Amino acid sequence: MLHKKLRLIGYLRTGGTILNVEEQKQKIEEYCSEHEHKIVRYSGVDEGQPGLGLHDALEGLKDYDGIIAIDLNRFVKHHEDRLVDLRPMIQKMLHERKALIAINEQFETQTALGQHTALDLLQEWSDRESTRMPPIHEHSDMSNY
């Protein structure tokens with residue numbers, strides 16, 4: 001099986017995880033060593049402003065093959081924003097043939113299985129979003145219907 005060695009940007013964010021920066025780096029480096037990928041640099045570690053580090057990592061995709069993080073939650077500020085925040089990013093990565101790797105979810109967009117997982121996640125999030133009912137207002141005026 002042909003496996004492309006990727007040049008990756010490590011994305012670190014401490015919010016919402018028990019792992020500190022060094023523990024995240026260690027996990028990322030172990031994954032890359034096991035899969036023969038190379039970390040070329042880490043994005044700016046957030047100091048309460050996760051968007052800045054992610055913007056830096058996304059800008060780096062011009063020169064490198066992808067981004068790696070310990071999990072998909074590193075890419076969103078709030079778990080409930082996964083659909084809104086991740087859908088365009090995953091679609092962009094798939095379209096541009098860039099790697100998005102989330103170690104804990106075993107998510108890698110450069111593999112057939114990873115692409116299938118990405119599409120399944122997008123569909124699952126869309127299905128979940130479409131089943132939410134809008135709130136019913138008790139005092140709405142239905143006399144015009």
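Atoms considered below: every heavy atom in the structure, side chains included; atoms not considered: hydrogens, waters and symmetry mates. Everything quoted here is computed from the prediction, not taken from an experiment.
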### CA sep, side-chain torsions, deciding dist, call: His37, Gln110, side-chain contact (heavy atoms from CB on, under 4.5 Å)
CA-CA 12 Å; His37 300 317; Gln110 288 291 291; over 6 Å; no
### Message
Looking at Gln24 and Arg13, would you say the former's side chain and the latter's main chain have a donor-acceptor pair under 3.5 Å?
### Response
yes
### Message
Is it the case that the side chain of Asp65 and the backbone of Arg7 share a donor-acceptor pair, with hydrogens and angles ignored and the cut-off at 3.5 Å?
### Response
yes
Identify the two heavy atoms, one from [X] and one from [Y], that lie closest to each other, and give their separation to 0.1 Å.
X	Y	answer
Tyr11	Ala57	CD1-CB, 4.4 Å
Leu12	Ser43	N-OG, 4.0 Å
Leu58	Met89	CD2-SD, 4.1 Å

### Query
What distance do Lys25 atom NZ and Leu19 atom CG have between them, rounded to the nearest 0.5 Å?
14.0 Å
### Query
Between atom CD1 of Ile67 and atom CG of Leu8, what is the distance when rounded to the nearest 0.5 Å?
9.0 Å
side-chain contact (heavy atoms from CB on, under 4.5 Å) against [X], all qualifying residues, sequence neighbours excluded:
X	result
Glu34	none
Gln91	Arg87, Leu122
Ile18	none
Gln106	none

Let me check something: any side-chain donor-acceptor pairs from residues 92-101 under 3.5 Å, sequence neighbours excluded? List them with distances.
residue : atom : partner : partner atom : Å
Lys92   : NZ   : Glu96   : OE2          : 2.8
Lys98   : NZ   : Leu61   : O            : 2.8
Lys98   : NZ   : Tyr64   : O            : 2.8

### Task
State whether a side-chain donor-acceptor pair under 3.5 Å links Gln26 with Glu22.
no
### Query
Are Ile9 and Ile68 connected in the hydrophobic side-chain network, where two residues link if heavy atoms are under 4.5 Å apart?
no
Kindly indicate whether the side chain of [X], heavy atoms from C-beta on, has any atom under 4.5 Å from the side chain of [Y].
X	Y	result
Val21	Tyr42	no
Asp56	Arg41	yes
Tyr31	Glu108	yes
Glu105	Asp71	yes

#### Entry: By salt bridge (charged side-chain N to carboxylate O under 4.0 Å, His left out) - contacts of Glu23 (at least two apart)
none
### Counterpart residues, ring pair (Phe, Tyr, Trp, His ring centres under 6.0 Å), relative to Phe107 (two or more places apart)
none
### Message
The criterion is side-chain hydrogen bond (donor to acceptor under 3.5 Å, both in side chains); which residues satisfy it with Asn104, sequence neighbours excluded?
### Response
Lys27
